[in-house]
Amino acid sequence: MDLKDKKIGFAMTGSFCTFKKVIEELKKLCNTGAEIFPIMSLPSSSFDTRFGSADGFMTEIRNITKKEIITTIPGAEPIGPKNYLDALVISPCTGNTLAKLALGITDTPVVMAAKATLRNKKPVIIAVSTNDGLSASAKNIGLLLNTKNIYFVPFGQDDCINKPTSIVADMTKITQTVTEALSGIQLQPVIF
């Protein structure tokens, strides 16, 4: 499927160590001709970390997408009734956001955007990045893998010796996963 002129939400949550890789993939997604609507959680849009400043990341994302970033629940809420997204990517998706999605908790702009997208029977693509993916978050991943219109960017352990429960998506497969999800297909293998 061609992504030209598709309207794709691109939501980021607070796995700051992956931001540089994710932003590179955001650029690639923009280069397909898709129109990208950026969304950021409160931590991702306001916390300065050793990986970079919030203002720096936000400026870069605005420059790439040519759009203002949605950073509030009221800003994300119209995605549902206006039905303007063809798909939503959550990258990186933290364990906290996984839990909220799995349990139907809608208290951030990212999960509001997901709820709104799912309401319209459109795909939500998750690029997980969490230190507890094979422990506390495993049940939420299992639940979401079995949820209609939710797709995962293929993921695996990122440091099985030092962080044995940590998993991260292969961010280079975001565009490919979006393309398949828009056709109702989960990119395989999901776990590498």
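Nearest heavy-atom pair across Gly95 and Asp132 is CA-OD1, 4.2 Å. For the pair Phe152 and Thr177, the tightest heavy-atom approach, listed with the atom from each and the gap, is O-CG2, 3.6 Å. Closest non-hydrogen pair, Gly80 versus Ala116, comes out as N-CB, 3.2 Å. When all heavy atoms are compared, the tightest approach of Asp5 to Asp86 is O-OD2, 4.4 Å. Considering every non-hydrogen atom in both Leu88 and Val110, the closest pair reads CD2-O, 4.4 Å. When all heavy atoms of Leu187 and Glu180 are compared, the pair lying nearest together is CD1-CG, 4.1 Å.
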Begin from the C-alpha positions of Lys27 and Glu24 and carry the test salt bridge (Lys or Arg N to Asp or Glu O under 4.0 Å) through to its verdict.
CA-CA 5 Å; Lys27 289 177 191 173; Glu24 284 307 307; 2.9 Å; yes
Give the intermediate values and the outcome of side chain to side chain contact (heavy atoms under 4.5 Å, CB included) for residues Leu118 and Ile150.
CA-CA 8 Å; Leu118 291 169; Ile150 292 197; 4.1 Å; yes
Decide side chain to side chain contact (heavy atoms under 4.5 Å, CB included) for Asn96 and Thr108; before the verdict, give the C-alpha distance in whole Å, the side-chain angles of both, and the deciding distance to 0.1 Å.
CA-CA 11 Å; Asn96 186 47; Thr108 72; 5.8 Å; no
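The environment of CG in Asp107 is crowded: more than 12 heavy-atom neighbours from other residues, nucleotides or ligands sit within 6.0 Å. Counting heavy atoms of neighbouring residues, nucleotides and ligands inside a 6.0 Å radius, atom NZ of Lys20 does not exceed 12 of them. The neighbour count for Lys122 NZ, taken as heavy atoms of other residues, nucleotides or ligands under 6.0 Å away, is above 12. In Lys100, the NZ atom is crowded: over 12 heavy atoms of neighbouring residues, nucleotides or ligands sit closer than 6.0 Å.
Of the inter-residue distances, the one linking Leu144 atom CG with Ser137 atom OG reads 10.0 Å to the nearest 0.5 angstrom. Taking CG of Leu85 as the reference point, atom CZ of Phe10 lies at 13.0 Å (rounded to 0.5 Å). With rounding to the nearest 0.5 Å, the separation of CZ in Arg119 from CE in Met112 is 10.0 Å. For the atom pair CD (Glu68) and CE (Met58), the distance works out to 6.5 Å, reported to the nearest 0.5 Å. Taking CD1 from Ile23 and NZ from Lys21, the interatomic distance works out to 13.5 Å, rounded to the nearest 0.5 Å. Rounding to the nearest 0.5 angstrom, the gap separating the OG1 atom in Thr179 from the NZ atom in Lys6 is 10.0 Å.
The only member of Val128, Leu143, Leu103, Thr13 that meets side chain to side chain contact (heavy atoms under 4.5 Å, CB included) when paired with Leu98 is Val128.
Panel note: side chain Asn146, backbone Gly142; no donor-acceptor pair is recorded below 3.5 Å. Checked by atom type and distance alone, the side chain of Lys163 never pairs as donor or acceptor with a backbone atom of Cys160 at under 3.5 Å. With hydrogens and angles disregarded, a donor-acceptor distance shorter than 3.5 Å links the side chain of Thr32 to the backbone of Leu29. Within the 3.5 Å criterion, the main-chain N or O of Pro164 finds a donor-acceptor partner in the side chain of Gln157.
For the pair Phe155/Ile126, no side-chain contact is recorded, criterion being any heavy-atom separation below 4.5 Å from C-beta on. Two residues are said to be in side-chain contact when any heavy atoms from C-beta on lie closer than 4.5 Å; Leu101 and Asn140 fail this criterion. Between Ile69 and Arg62, some side-chain heavy-atom pair lies under the 4.5 Å cut-off. You'll find the side chain of Val168 reaches within 4.5 Å of the side chain of Ser129, heavy atoms only. Between Pro92 and Phe19 there is a side-chain heavy-atom pair separated by less than 4.5 Å. Proximity of Asn149 to Thr117: side-chain heavy atoms (C-beta onward) are nowhere separated by under 4.5 Å. At a threshold of 4.5 Å between non-hydrogen side-chain atoms, the residues Pro109 and Ile73 count as touching. With contacts defined as side-chain heavy-atom distances shorter than 4.5 Å, the pair Leu26/Thr65 qualifies.
Counting only N and O atoms by type, the side chains of Asp159 and Ser166 include no donor and acceptor under 3.5 Å apart.
Both Ile8 and Ile64 belong to a common hydrophobic cluster when Ile, Leu, Val, Met, Phe, Trp and Tyr are linked at side-chain heavy-atom distances under 4.5 angstrom. Note on Ile90: it clusters hydrophobically with Leu145, by side-chain heavy-atom contacts below 4.5 Å among ILVMFWY residues. Under the 4.5 Å side-chain heavy-atom criterion for ILVMFWY residues, no single connected hydrophobic cluster contains both Phe57 and Ile70. Note: the hydrophobic cluster containing Phe37 does not contain Ile125 (ILVMFWY, side chain heavy atoms under 4.5 Å, direct or indirect links). Residue Leu3 is grouped with residue Ile36 when hydrophobic side chains (ILVMFWY) are merged at heavy-atom distances under 4.5 angstrom, including chains of intermediate members.
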Per-pair distances, 0.1 Å, donor-acceptor, side chain in residues 38-49, under 3.5 Å, sequence neighbours excluded:
from  : atom 1 : to    : atom 2 : distance (Å)
Ser41 : OG     : Ser44 : N      : 3.3
Ser41 : OG     : Ser44 : OG     : 3.0
Ser44 : OG     : Met12 : O      : 3.0
Ser44 : OG     : Ser41 : N      : 3.0
Ser44 : OG     : Ser41 : O      : 3.0
Ser45 : OG     : Ser41 : O      : 3.0
Ser45 : OG     : Leu42 : O      : 3.2
Ser46 : OG     : Leu42 : O      : 2.5
Asp48 : OD1    : Ala54 : N      : 2.7
Thr49 : OG1    : Phe51 : N      : 3.0

